[in-house]
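Letters go in sequence order (proteins before strands), and every chain restarts at 1.
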There are 2 protein chains.
Amino acid sequence: MAKSEEDERPERISDAEHAVMEALWAKSPLTAAEVCEAVCAERDWSLPTVKTLLSRLVTKQAVATKPDGRRFLYRPLLARDDYVGDESRRLVDRLFGGRAAPLFAHLAQEEALTDADIAEIEALLKELKQ
Amino acid sequence: MAKSEEDERPERISDAEHAVMEALWAKSPLTAAEVCEAVCAERDWSLPTVKTLLSRLVTKQAVATKPDGRRFLYRPLLARDDYVGDESRRLVDRLFGGRAAPLFAHLAQEEALTDADIAEIEALLKELKQ
DNA sequence: ACTTACCGATTACGCTTGTAAACATTAAGC
DNA sequence: GCTTAATGTTTACAAGCGTAATCGGTAAGT
């Protein structure tokens, strides 16, 4: 295994592509038509658009295909947790110098925190501290 | 005032543009050359690149200019807090259905929370709860 | 006054993204 | 067997972005 050079270039996933990923994370595998059923109404897309996005995601190795008769079944290769973690960290790094507390302060300030959020975060903190 | 149609289209700020904004948020007003001093080394940019980004930011009404002799002084029009708030909310909306608690769960999981963060968040929670 | 150096403005150019049409292939129905 | 409908592939094209060179004006030095 001396050769792992052209390997993992994490290739950012665009906004439109992300919508497709969400559909596949919600349920997979799906055909292109099924993905369209899940997202075309919401985003006002046509089936060809979804197909383009799916191919790009395949190229980016974020989605895998398995032939099923004449068509393909699409399945996420990238785990949602990984994606979400990467994106969150990117934001925190870019805007808050990598520290989460100021992010929290901002969300609190904007009243983006519900009571449930606060309770949940408290519970998490308790766990972290022990 | 019946006419406020061509008004505020919030025009997303790109990644490169954001770097320029950070320089201006750190200190302003600055000349183009001074902005370059602040960011060109880091991002490996040339002065013309910075000038392009500055013009685009002016077009997007995120930066204002004031003539100073033959050159311009650049100053942020968009407040950092507003920008940061918008971006944070966008992320939370897109990835966590608008709820902040799952974001924290993720950051905690990735050990992106330092002890200082935890202490700070606790203090904020205390304030929020009262 | 003439040249020079410094600026903003204009133009450039390849890449990604959003959005899709056109094309090719093939399974299925008549 | 031939047509049609479904499906992936190829091509398209405008807008945004990253990165920058060039142009044109003008203040400053000589």
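- The OG1 atom of A:Thr65 sits 9.0 Å away from atom CZ of A:Arg75, with the distance rounded to the nearest 0.5 Å.
- Criterion: ILVMFWY side-chain heavy atoms under 4.5 Å apart, direct or through other members. Under it, B:Leu125 and B:Ile118 are part of a common hydrophobic cluster.
- Checking D:dG8, C:dT17, C:dG8 against the side-chain heavy atoms of A:Tyr74 singles out D:dG8 as nearest.
- Closest to the B:Arg70 side chain, of the nucleotides D:dC17, C:dC6, D:dT7, is C:dC6.
- Atom CZ in A:Arg12 sits roughly 14 Å away from atom P in D:dC17 (whole-Å rounding).
- Residue B:Lys51 places no side-chain N or O under 4.0 Å from the OP1 or OP2 atom of D:dC23.
- Between B:Pro29 and B:Glu34, the shortest heavy-atom contact is O-OE1, 4.4 Å.
- With rounding to the nearest 0.5 angstrom, the CD atom of A:Glu22 is 4.0 Å from the CZ atom of A:Arg80.
- Rounded to whole Å, atom P of D:dT7 lies 11 Å from atom CD of A:Glu37.
- Rounded to whole angstrom, the span from the NZ atom of B:Lys60 across to the P atom of D:dG16 amounts to 8 Å.
- Straight-line distance from the CZ atom of B:Arg71 to the P atom of C:dA9: 15 Å, rounded to whole Å.
- Here the side chain of A:Ala16 is nearest to one of C:dA21, D:dG18, C:dG18, namely C:dG18.
- For A:Ala32, whose side chain is taken as the heavy atoms from C-beta onward, the closest listed nucleotide among D:dG8, D:dA28, D:dT19 is D:dG8.
- Residue B:Ser14 places at least one side-chain N or O closer than 4.0 Å to OP1 or OP2 of D:dG18.
- Across the protein-nucleic acid pair, A:Leu54 atom CG and D:dT7 atom P stand 13 Å apart, rounded to whole Å.
- Both B:Leu47 and B:Ser55 sit near DNA chain C, but only B:Leu47 has its closest nucleotide nearer the 5' end.
- The nearest whole Å value for the distance from the CZ atom in B:Arg43 to the P atom in D:dG18 is 8 Å.
- At a threshold of 4.0 angstrom between heavy atoms, the contacts of A:Thr49 include nucleobase atoms, whether or not backbone atoms are also involved.
- Side-chain proximity of A:Trp45 to D:dT19, C:dT19, D:dG18: nearest is C:dT19.
- Looking at B:Ser46, its side chain has no donor and acceptor atom pair within 3.5 Å of the base of D:dA20.
- At whole-Å resolution of the value, CG in B:Asp15 and C1' in D:dG18 are 10 Å apart.
- Between atom NE2 of residue B:His106 and atom CD of residue A:Glu87 there is a gap of 11.5 Å, rounded to the nearest 0.5 Å.
- Taking only distance into account, the side chain of A:Arg56 meets the base of C:dG18 through a donor-acceptor pair shorter than 3.5 Å.
- Nearest to the side-chain atoms of A:Pro48 among the listed nucleotides C:dA21, D:dT9, C:dC7 stands C:dA21.
- Side-chain heavy atoms closer than 4.5 Å link hydrophobic residues (I, L, V, M, F, W, Y) into clusters, and following such links, even through other members, never connects A:Val50 to A:Leu73.
- To the nearest angstrom, C1' of D:dG8 lies 13 Å from CG of A:Leu73.
- For B:Thr52, counting side-chain heavy atoms from C-beta on, the closest listed nucleotide (D:dC17, D:dT19, D:dA28) is D:dT19.
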